[in-house]
Number of protein chains: 2
Amino acid sequence: MFEPVTIKDIAKALGLSTSTVSRALRDTHEISAATKKIVLAYAKEINYQPNPIALSLKERRSKSIGVVVSEVANSYFSQAINGIESIAYDRGYHVIISQTHESYDREVINVQHLASRSVDGLLVSLSSETTDISHLSSLHERGLPIVFFDRVADEIDTHKVIANNEKGAYQATEYLIKQGYQRIAHLTSSKHLSISIERLSGYEAALRDHNMEVSSSYIKHCLHGGMLPEETETAIKELMSLKEKPDAIFVAGDRLSTGCLSVFKKLSIAVPEEIAIAGFSNSDVLDLFNPSLTSVRQPAYDIGQLATEMLLQLIEAKYPVEEFEKKILATDLYVR
Amino acid sequence: MFEPVTIKDIAKALGLSTSTVSRALRDTHEISAATKKIVLAYAKEINYQPNPIALSLKERRSKSIGVVVSEVANSYFSQAINGIESIAYDRGYHVIISQTHESYDREVINVQHLASRSVDGLLVSLSSETTDISHLSSLHERGLPIVFFDRVADEIDTHKVIANNEKGAYQATEYLIKQGYQRIAHLTSSKHLSISIERLSGYEAALRDHNMEVSSSYIKHCLHGGMLPEETETAIKELMSLKEKPDAIFVAGDRLSTGCLSVFKKLSIAVPEEIAIAGFSNSDVLDLFNPSLTSVRQPAYDIGQLATEMLLQLIEAKYPVEEFEKKILATDLYVR
DNA sequence: CTGAAAGCGCTAACAT
DNA sequence: ATGTTAGCGCTTTCAG
């Protein structure tokens, strides 16, 4: 039904062979200027577009990279994607985005699909459910370039780009401490995620450095990182029903932070009078919130750009790369 | 470097022909149960994945659909995308998302790329810059199925799915009128966008039905739909420097609505005391805003689903479809 | 400088 | 039931 123009059509119309046409279009030297001109003119006239599918099949590369994130409806990821695209498009690569919705199964399916679809490389931020990463390590072992960003898998030896989650968490927690809060809880995403581990560690370090106790009853995990509102609500209710109610919470995630505010609003708990909040967020409408949210902002756009540059370096490397780096970018604390 | 397993590898390893292997994997009847079992077992063992590129080339279809939106970092679009994916994945189609960032040039490039990449169909919401739609109509004439959603092109005869923008705008404007506001301005996106036209028309109808005058000085267009904060700020400043300052604004877009609130905050203009706002928005953190925003919410997820169903119907139609529909879904007014 | 032919991975018509 | 062959669109030897 939809029949694009092929090199064959041009050849037939011009009484040439397909190879000659191909050469004219590819601009090789082994072609007469005259023929080239004719072919190019005709190609433009009929708006010839080479078929990238055929090209991919031939060259075994697609000039496209796959991106695996949990949700595009997340400021952090949409900003990172913009960073990714900015580099990729400049370098002639196309970007295929896929969402896991924090589901491990979805992640496996998406990764398989992208790989079989001949993406030349993968930019991955793990889903919160993922613990087994064999779907990625097997591809990586077989030579598919992969760069992790945000939620990384330490088991796989490749480039990684993350924000300084530990320091960001430390600063946010310290901010709450300096504001005079005494019982600071921590609400975070699933336990095994690299970002959760790093942010937890920053939180604990800040407490310890200020001679405050780390209590496990103050630390709540949400397996789906706030995707399910009930999860957040349950965690908050548990915290608020402790004998020693916390007077502040450091929240380690975008959706979780806004989710928290919603829950408090719903439960009519005054923020920051009854409980103060500081949390990670890259939302760009944060300044419209009331109560306001002191937040740690990650350089999502830069992270996306850097990860893409590193991936393209791997893809275009002449020789297998053996040395891998983990880049750590600074966060910003916005006090509100 | 990255060498996936092919049907040929299996054939060689098992001493069969490629076609036999293909038949075993395709599960045709003309194959012995024994061979089939052997092939399937071996395929599973080495984790064989068929190469969809080769398949696309052969079958001239890719089982994938392209999506063209302005920004994924926009609640409306990210929700629509989720709706799109929910249907597409169920039906075995993959979704390739591309962003125009409200740029016409980018839209042309993306559409060309998607088409040449052999997507089986296109879901399109036009960029705010787009007036010339020949990049789409030429593809459409050549038989590529296209369904428009949100920002549609009336010139192209195909399925369209939109929210009831006119009624939504009418209700929001009427709400402001009933609150007692007298001088209601209208801030909207670029003039030629279908959504702008529809929403403007609802706004004007509401004013007229309540015997209020429509004044062109009260209507401000932002060519980039609020993508550029200066645009919004300039428009607001112009409105606020009129002799007869408006006492309310009906805002016709997500980014524009939040952008408006930001500008008022920046300029220390009290909302809703000095000026009231009602606007289109699909943000899911609207309830955390202060000042709060009365908003028209579109059924973005449903729109995405419906548009996808219609597109797949076109793609899978046995005979060329001649009758096209424009589906109009109801909006919701959230008074805050 | 140009054409014929092979091959990328896969399927399907045609043989056997 | 299985193998052989051709062909999807393109590039690239290999011949001429």
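In what follows, every chain begins at residue 1, and chains take the letters A, B, ... in the order their sequences are listed.
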Peer 1: Round to a whole Å and report the spacing from CG of Leu16(B) to P of dT4(D).
Peer 2: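 Leu16(B) atom CG is separated from dT4(D) atom P by 11 Å.
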
Peer 1: Please determine, by modelled atom types, if Thr130(B) and Ser127(B) share a side-chain donor-acceptor pair under 3.5 angstrom.
Peer 2: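 Distance-only check passes for Thr130(B) and Ser127(B).
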
Peer 1: Rounded to the Å, how far apart are His29(A) NE2 and dT12(D) P?
Peer 2: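 Distance check: His29(A) NE2 to dT12(D) P gives 11 Å.
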
Peer 1: Can His101(B) and Glu71(B) be counted as having a side-chain donor-acceptor contact under 3.5 angstrom?
Peer 2: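 Distance-only check passes for His101(B) and Glu71(B).
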
Peer 1: State whether Tyr48(B) places a side-chain N or O below 4.0 Å from either non-bridging phosphate oxygen (OP1 or OP2) of dG9(C).
Peer 2: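 So the side-chain polar atoms of Tyr48(B) never come under 4.0 Å of the phosphate oxygens OP1 or OP2 of dG9(C).
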
Peer 1: For Gln99(B) and Asn110(B), which I'm curious about, is there any donor-acceptor pair between the side chains at under 3.5 Å?
Peer 2: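 Not at all, the side chains of Gln99(B) and Asn110(B) share no donor-acceptor pair under 3.5 Å.
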
Peer 1: In this structure, how many angstroms lie between the C1' atom of dC8(C) and the CG atom of Leu57(A), rounded?
Peer 2: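 Distance check: Leu57(A) CG to dC8(C) C1' gives 4 Å.
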
Peer 1: Quickly work out the Arg23(B) CZ to dG9(C) P distance and round it to whole Å.
Peer 2: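 After rounding, the gap between these two atoms is 20 Å.
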
Peer 1: Using a heavy-atom cut-off of 4.0 Å across all strands, would you classify Thr6(B) as base, sugar-phosphate, or nothing?
Peer 2: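 Sugar-phosphate, backbone atoms only, no base.
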
Peer 1: Between Arg26(A) and Val21(B), which has a closest nucleotide on DNA chain D that is more 5'?
Peer 2: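 By nearest-heavy-atom nucleotide position, the 5'-most residue is Val21(B).
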
Peer 1: Between atom CG in Asn51(A) and atom P in dG9(C), what is the gap in whole Å?
Peer 2: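 From Asn51(A) CG to dG9(C) P: 17 Å.
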
Peer 1: Would you indicate, yes or no, if dG3(D) has its OP1 or OP2 atom less than 4.0 angstrom from a side-chain nitrogen or oxygen of Thr18(B)?
Peer 2: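 So the side-chain polar atoms of Thr18(B) never come under 4.0 Å of the phosphate oxygens OP1 or OP2 of dG3(D).
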
Peer 1: Assign the ring pair Phe149(B) / Tyr76(B) to parallel, tilted or perpendicular, where the plane angle (0 to 90°) is split at 30° and 60°.
Peer 2: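 Parallel.
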
Peer 1: Looking at dT12(D), dC14(C), dT11(C), which one has an atom nearest to any side-chain atom of Lys58(B)?
Peer 2: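 Of all the options, the side chain of Lys58(B) is nearest to dT11(C).
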
Peer 1: With sequence neighbours left out, write down each residue that passes salt bridge (Lys or Arg N to Asp or Glu O under 4.0 Å) with Lys326(A), or none if nothing qualifies.
Peer 2: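 Expected list: Asp154(A).
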
Peer 1: Please report, rounded to the nearest Å, how far the P atom of dC8(D) is from the NZ atom of Lys8(A).
Peer 2: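 Value for this atom pair: 4 Å.
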
Peer 1: Tell me which nucleotide among dC8(C), dC8(D), dC10(C) gets nearest to the side chain of Arg60(A).
Peer 2: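 The listed nucleotide nearest to Arg60(A)'s side chain is dC8(C).
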
Peer 1: With nearest nucleotides of DNA chain C determined for Pro50(B) and Ser32(A) from heavy-atom distances, which residue corresponds to the more 5′ nucleotide?
Peer 2: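 Going by which nucleotide is closer to the 5' end, it is Ser32(A).
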
Peer 1: Heavy atoms only, 4.0 Å cut-off, all strands: where does Ser56(B) land among base, sugar-phosphate and nothing?
Peer 2: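 Result for Ser56(B) = nothing.
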
Peer 1: Find which nucleotide of DNA chain D each of Thr35(B) and Ala54(B) is nearest to by heavy atoms, and output the residue with the more 5' nucleotide.
Peer 2: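 By nearest-heavy-atom nucleotide position, the 5'-most residue is Thr35(B).
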
Peer 1: So does Ser19(B) reach the base of dT4(D) with its side chain, donor to acceptor, closer than 3.5 Å?
Peer 2: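 Such a pair is found, so the answer is yes.
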
Peer 1: Distance check needed: dG9(D) P versus Arg61(B) CZ, whole Å only.
Peer 2: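 Nearest whole value for this atom pair: 15 Å.
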
Peer 1: Kindly point out which of dA4(C), dC10(C), dT11(D) is positioned nearest to the side chain of Ser17(A)?
Peer 2: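 Between dA4(C), dC10(C), dT11(D), the one nearest the side chain of Ser17(A) would be dA4(C).
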
Peer 1: Starting from P on dC10(C), measure out to CD on Glu59(B) and report it in whole angstrom.
Peer 2: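 That distance rounds to 12 Å.
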
Peer 1: The side chain of Leu55(B) is closest to which nucleotide in this list: dT11(D), dT11(C), dG3(D)?
Peer 2: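 Among the listed nucleotides, the one closest to the side chain of Leu55(B) is dT11(C).
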
